[in-house]
Amino acid sequence: MTDTIQVGSYTLKSRLLVGTGKYRDLDETGRAIEASGADVVTMAVRRTNLGQNPNEPNLLDVISPDRYTLLPNTAGCHTAEDAVRTCRLARELLDGHNLVKLEVISKSRTLYPDVVETLSAARTLVDDGFEVMVYTSDDPLIALELEAIGCVAVMPLGAPIGSGLGLQNPYNIREILDNLKVPVIVDAGVGTASDATVAMELGCEGVLMNTAIAEAKDPVKMARAMRLAIESGRLAYEAGRMPRKRYADASSPETGLIE
Amino acid sequence: MTDTIQVGSYTLKSRLLVGTGKYRDLDETGRAIEASGADVVTMAVRRTNLGQNPNEPNLLDVISPDRYTLLPNTAGCHTAEDAVRTCRLARELLDGHNLVKLEVISKSRTLYPDVVETLSAARTLVDDGFEVMVYTSDDPLIALELEAIGCVAVMPLGAPIGSGLGLQNPYNIREILDNLKVPVIVDAGVGTASDATVAMELGCEGVLMNTAIAEAKDPVKMARAMRLAIESGRLAYEAGRMPRKRYADASSPETGLIE
Amino acid sequence: MTDTIQVGSYTLKSRLLVGTGKYRDLDETGRAIEASGADVVTMAVRRTNLGQNPNEPNLLDVISPDRYTLLPNTAGCHTAEDAVRTCRLARELLDGHNLVKLEVISKSRTLYPDVVETLSAARTLVDDGFEVMVYTSDDPLIALELEAIGCVAVMPLGAPIGSGLGLQNPYNIREILDNLKVPVIVDAGVGTASDATVAMELGCEGVLMNTAIAEAKDPVKMARAMRLAIESGRLAYEAGRMPRKRYADASSPETGLIE
Amino acid sequence: MTDTIQVGSYTLKSRLLVGTGKYRDLDETGRAIEASGADVVTMAVRRTNLGQNPNEPNLLDVISPDRYTLLPNTAGCHTAEDAVRTCRLARELLDGHNLVKLEVISKSRTLYPDVVETLSAARTLVDDGFEVMVYTSDDPLIALELEAIGCVAVMPLGAPIGSGLGLQNPYNIREILDNLKVPVIVDAGVGTASDATVAMELGCEGVLMNTAIAEAKDPVKMARAMRLAIESGRLAYEAGRMPRKRYADASSPETGLIE
Amino acid sequence: MQISVNGEVQTIGPQSLETYLSDKSLLGRRIAVERNGDIVPKSQFSEVILEDGDVLEIVHAIGGG
Amino acid sequence: MQISVNGEVQTIGPQSLETYLSDKSLLGRRIAVERNGDIVPKSQFSEVILEDGDVLEIVHAIGGG
Amino acid sequence: MQISVNGEVQTIGPQSLETYLSDKSLLGRRIAVERNGDIVPKSQFSEVILEDGDVLEIVHAIGGG
Amino acid sequence: MQISVNGEVQTIGPQSLETYLSDKSLLGRRIAVERNGDIVPKSQFSEVILEDGDVLEIVHAIGGG
């Protein structure tokens with residue numbers, strides 16, 4: 001597909017955004033990411049093990065910043081302050097690259113977005129010149145507020161991170177789509193290809209996923225499936241689906257039959 | 001994709017089978033069929049209008065039997081006898097081509113398959129040397145019986161013809177898949193791309209559709225969407241989806257965080 | 001509730017029909033059936049163990065034919081012939097009582113109704129003077145044919161027997177309701193109270209269940225729940241539900257607010 | 001049923017809480033509320049029309065504070081300040097009665113809860129000695145925070161107010177139930193009886209509704225349906241439903257059949 | 001002589017169905033009997049004399065759904 | 001002098017809140033009154049003397065969900 | 001003589017099926033013909049002589065699902 | 001003197017951040033450094049002299065979703 005989406009100052013060729021967690025190894029990571037066709041790839045920032053072997057392979061060796069648009073996330077941060085510090089470290093790490101994925105989540109097993117801390121961190125980061133793609137709940141009002149703050153993309157969860165349950169509340173996602181101007185990208189919750197297609201058919205600008213690909217039995221093949229699922233859903237959205245009908249309607253003419 | 005499906009003596013390159021009804025004109029029909037990538041294309045058999053202009057374009061001019069595998073259907077037949085006569089006329093019309101889509105449906109507004117008449121027609125046609133792809137209900141026992149009779153593919157409805165409601169009873173479709181050896185192809189009921197993906201993710205060998213493409217606002221674009229949806233669903237089925245989880249599961253490591 | 005349903009020559013006070021299988025013992029059976037408020041109670045017919053102790057309690061001691069309308073079933077029969085013989089034995093066993101539940105199911109793990117054998121047995125039984133309540137699939141045409149044969153109630157499955165999955169195909173059930181005049185009673189598939197309520201809200205005349213009560217942790221309490229669920233669903237159907245709305249609509253006046 | 005629920009200092013006999021909006025007239029209001037069996041009844045506070053006839057009937061004449069536990073709401077308030085003022089007026093209006101329903105909603109057509117303003121108003125009201133039943137989104141973290149603030153009941157929406165769409169996100173409701181100690185009462189979104197039953201089967205302590213009853217064709221009958229639906233769902237929750245099964249499981253013994 | 005009852009072969013002497021059922025303490029119990037494919041009404045138990053090769057099905061009611 | 005009641009400006013003479021409510025036949029009705037942002041308890045209606053610029057909100061209960 | 005073609009009765013003179021189809025400009029078109037319930041192969045159009053009372057069905061392919 | 005690096009206390013002699021990183025073979029690797037809450041740009045590694053009580057966070061990129 002030749003269509004693109006504009007996220008802040010970045011023009012993306014693929015509507016599929018992918019994570020790099022949970023893979024068996026960096027080799028599988030690289031092959032799956034390549035098969036996905038994504039150009040935005042998320043990564044995490046973690047403390048360097050001081051003792052470690054200097055020749056140990058690094059994520060950035062397989063996912064080159066020259067080839068992919070890296071999207072550092074703030075996964076694991078439970079406060080606005082930690083999220084902001086993490087973003088600043090990421091920006092330095094990537095030589096001034098200012099696109100970040102903000103997520104501030106609770107410590108509870110749902111890993112549910114903490115919308116109050118998220119709003120606070122978003123304000124600080126936007127003031128500090130970051131282009132913020134923000135992970136949030138499916139609360140339409142919070143989504144509107146995040147757009148007002150200046151986030152370049154709003155990314156409501158489809159279902160809990162890593163659950164693979166598929167879109168739990170299409171109503172709210174549609175509501176967000178009806179009210180926002182910046183790109184709305186479903187983040188988290190997709191379990192299989194059709195879940196991604198459904199999100200795109202609702203009119204989302206894109207889908208961000210990690211576990212659905214990394215934990216499939218064959219991640220590289222699932223990455224291909226997701227790439228097609230996203231394109232398929234977007235095309236279906238643009239094509240405009242047939243109306244649902246309560247009763248059947250013959251596909252072949254009901255006249256001119258032999259007797 | 002290089003994988004193929006074997007239906008009787010026919011080897012199909014595409015898992016998407018399409019109809020030719022309900023299009024604005026033959027030109028749109030041709031362009032949509034081409035965009036779908038299908039190689040099996042259904043058609044109907046109807047009385048020739050005696051008065052008609054001999055130069056009037058004919059379906060077979062746009063859908064050439066040399067390029068596509070034509071699948072004449074028995075749509076509109078309400079008895080086994082009419083269905084059998086229609087198949088014989090189709091075979092003559094296509095110079096001995098013996099692949100047919102058998103459907104015997106009720107006159108009721110559901111156009112629901114008449115399984116008793118369908119069983120009877122299937123027996124006659126198989127004896128008469130036809131390769132029968134049979135449209136039926138999602139009754140697992142009837143599906144088994146149709147396979148036993150010798151049909152080369154069993155095609156349970158996903159939802160009423162032309163309703164676009166999507167798979168109404170995945171349980172029965174799965175049941176049929178668990179028990180049959182011949183290809184199971186969902187026929188009718190698909191409304192948008194994700195419906196087709198869902199059918200393929202269940203493990204169906206293919207999907208046959210008409211209205212979902214022909215009545216989309218942009219049929220050619222929807223045809224492309226459906227082509228990708230089928231490939232995506234098949235890949236996802238082969239890749240093996242991640243398990244669904246009741247609780248969230250972080251995609252980024254929860255250790256090594258800054259403090 | 002004072003409303004009743006007419007099934008052939010029988011006037012039923014309760015729209016809940018219950019089975020007597022799978023209980024821990026006859027005492028629990030009796031208490032659960034009583035709590036359900038049902039007046040139609042199904043039973044099975046089986047060979048008498050010749051050696052057995054004559055004083056061993058008998059189902060009919062707890063479920064007295066004087067108090068309940070017994071509904072002998074043909075569960076376990078895989079052919080029309082066995083079903084007919086079983087019904088005749090049941091009629092003799094119950095001193096000429098001619099109301100029976102006909103079910104002819106496959107040997108497959110789905111226990112799916114064998115509609116061809118069912119149609120054949122129904123014809124024989126109706127000719128032989130039985131009042132036939134027939135268990136069948138959700139095939140709308142077969143349901144119509146069973147009514148035409150003279151069955152006094154048509155009982156489509158909601159989901160596989162004992163699965164507790166709830167209504168799998170409300171579309172077909174609605175289709176059957178739109179077309180039949182005799183009572184339509186959902187039989188099998190209910191797992192919890194709301195499943196029964198949903199069936200009644202569709203307009204069914206009643207629901208027949210067994211496992212949902214017998215295999216609940218507390219069968220007697222679940223029997224009470226089901227009794228209320230059926231009444232609730234019927235009342236809701238008669239009351240006429242509010243229309244679904246795409247957008248919110250305030251319950252309190254939006255004028256006269258303080259400022 | 002003899003079981004009760006404790007909400008702050010109030011012991012409620014019915015798990016069904018009802019609103020008084022949208023009825024044709026006060027007479028219908030009174031009859032429907034009575035049929036519902038509810039003891040908690042919501043009301044709104046609005047400016048008195050100065051010119052009005054002193055003998056004009058008043059809501060409190062039909063819904064007597066002596067008979068019902070009145071629950072004044074803050075519907076229509078879009079800020080914490082207006083909500084607090086409204087609660088204080090209500091307390092004065094009801095002679096010191098301190099139980100209130102707090103809702104601060106957006107002006108958007110979703111009438112979605114404004115969780116930030118709601119948190120702020122809840123703090124003020126709890127400090128001011130009110131017993132606060134709070135309407136909120138299905139955000140599990142916000143629900144936890146509202147409990148921590150001291151609200152006596154947390155009432156997440158099932159679906160947008162007045163939409164009648166039924167529970168949109170059971171996953172989040174279950175999440176809230178798993179984490180809170182105070183009663184969780186689904187407020188808004190119920191459309192018909194089975195929706196209420198489903199909410200109770202999840203383990204909710206109660207359901208608050210208005211439109212589903214008031215806008216039914218026959219509100220009084222729907223009120224009876226809802227009363228039974230709530231009792232049914234609670235009983236089913238306590239009884240413990242049967243496990244769902246992938247395959248069928250016969251209700252009648254499969255041995256001892258005639259041959 | 002030999003008869004088959006509920007699938008098992010039994011060797012008995014000449015007797016009426018009533019006597020047979022009585023020996024098995026089934027008389028007066030809530031049962032129904034099929035003999036060679038035909039129902040035997042309770043009222044005829046005493047008149048029916050069992051014959052060599054008779055196939056009997058004797059059933060009663062049990063719990064079922 | 002002028003006061004605002006439920007958003008509308010009214011010109012009245014010096015009087016107690018009780019008198020005002022009584023003139024509007026609101027006395028004894030189930031209402032609540034807020035004056036300049038503070039609740040006025042029923043018990044104090046007679047003591048409260050309305051002043052120029054007072055802002056009153058007078059409310060009652062109506063149907064709501 | 002009279003024949004029925006696609007449900008309509010026509011009066012024609014003695015002729016072969018080929019001649020009939022040719023008059024209707026259907027010869028060489030993608031059609032199939034059933035005569036009195038049996039298929040008439042294209043190869044036999046010329047040999048088949050229409051008879052009084054013949055019932056013909058002449059069909060072609062059209063769009064269908 | 002003592003400094004804290006990624007949460008662990010270390011005793012080192014007076015030196016620049018560059019020297020420290022070089023000793024740990026981290027120089028030239030894709031890392032970022034925060035010192036007492038503030039980012040230290042790569043360009044300033046040589047100028048920054050570590051002081052007693054400094055708190056360093058040294059991070060790199062890893063897989064995450």
Side-chain angles (χ1 to χ4, degrees), chain B residues 17-23 25-26 28-30 33 41-56 58-63 65 70-76 81 85-96 101 103 135 161-162 187-188 208-214, chain G:
Chain B
L17 297 74
V18 298
T20 52
K22 298 183 172 180
Y23 285 98
D25 51 42
L26 285 176
E28 187 184 65
T29 308
I33 302 305
V41 180
T42 65
M43 47 160 268
V45 171
R46 290 293 181 272
R47 283 172 164 177
T48 301
N49 174 352
L50 298 184
Q52 86 189 20
N53 158 12
N55 307 323
E56 189 181 281
N58 180 301
L59 177 70
L60 300 185
D61 301 333
V62 253
I63 307 301
L70 287 174
L71 181 63
N73 67 31
T74 62
E81 186 199 350
R85 284 174 59 206
T86 300
C87 288
R88 288 173 175 156
L89 279 163
R91 179 167 54 183
E92 173 63 17
L93 186 63
L94 298 174
D95 311 313
K101 173 185 171 184
E103 58 182 294
Y135 171 66
I161 293 176
D187 182 357
L208 194 163
M209 66 181 73
N210 185 340
T211 311
I213 295 175
Chain G
M1 66 187 192
Q2 288 194 320
I3 64 173
S4 159
V5 185
N6 289 355
E8 77 189 38
V9 174
Q10 303 187 349
T11 305
I12 61 169
Q15 58 189 278
S16 72
L17 175 55
E18 184 172 58
T19 308
Y20 177 83
L21 295 174
S22 151
D23 291 353
K24 299 290 184 187
S25 6
L26 291 173
L27 213 52
R29 305 272 310 283
R30 285 195 171 107
I31 59 165
V33 180
E34 180 194 72
R35 181 194 182 205
N36 305 327
D38 299 320
I39 299 297
V40 183
K42 292 184 186 51
S43 56
Q44 298 172 21
F45 284 174
S46 57
E47 303 152 26
V48 172
I49 306 305
L50 296 177
E51 297 173 6
D52 187 41
D54 273 353
V55 176
L56 301 182
E57 289 286 348
I58 306 176
V59 302
H60 65 298
I62 66 162

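Please read these numbers as outputs of a predicted model, since none were measured by experiment. Lettering of chains follows the sequences in order, A, B, ..., and the numbering in each one begins at 1.
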### G/His60 side-chain N/O to B/Arg46 backbone N/O, donor-acceptor pair under 3.5 Å
yes
#### Entry: Residues B/Arg91, G/Ile39; criterion side-chain contact (heavy atoms from CB on, under 4.5 Å); working and verdict
CA-CA 10 Å; B/Arg91 179 167 54 183; G/Ile39 299 297; over 6 Å; no
### Task
Taking B/Glu92 for its side chain and G/Val33 for its backbone only, find out whether a donor-acceptor pair lies under 3.5 Å.
no
### Task
Count the heavy-atom pairs under 4.5 Å between each of B/Thr42, B/Asn210, B/Val45, B/Leu89 and chain G, then report the option with the highest count.
B/Leu89
### Message
Under 4.5 Å from any heavy atom of chain G, what part of B/Asp61 do you find: side chain, backbone, both or neither?
### Response
both
### Query
Side chain, backbone, both or neither: which part of G/Ile31 has a non-hydrogen atom closer than 4.5 Å to chain B?
both
#### Entry: Inter-residue atom distance G/Ile58.CD1 - B/Asn49.CG, 0.5 Å rounding
11.0 Å
### Summary
Smallest heavy-atom separation, B/Met43 atom then G/Ala61 atom, equals CE-CB, 3.4 Å
### Query
Of all heavy-atom pairs between G/Arg30 and B/Pro65, which one has the smallest distance, and what is that distance?
NH2-CD, 4.2 Å
#### Entry: Among B/Leu208, B/Leu93, B/Thr29, residue most engaged with chain G (heavy-atom pairs, under 4.5 Å)
B/Leu93
### Query
Within the distance-only criterion (no hydrogens, no angle test), does the side chain of G/Asn6 pair as donor or acceptor with the backbone N or O of B/Thr48 below 3.5 angstrom?
yes
### Summary
Heavy-atom nearest pair, B/Ala44 first then G/Gly63, reads CB-O, 4.1 Å
### Message
Minimum heavy-atom separation for B/Asp95 and G/Lys42, please, with both atom names.
### Response
OD1-NZ, 3.7 Å
### Query
Between B/Thr86, B/Val41, B/Val62, B/Thr20, which has the largest tally of heavy atom pairs under 4.5 Å with chain G?
B/Thr20
### Under 4.5 Å from any heavy atom of chain G - which part of B/Lys101
side chain
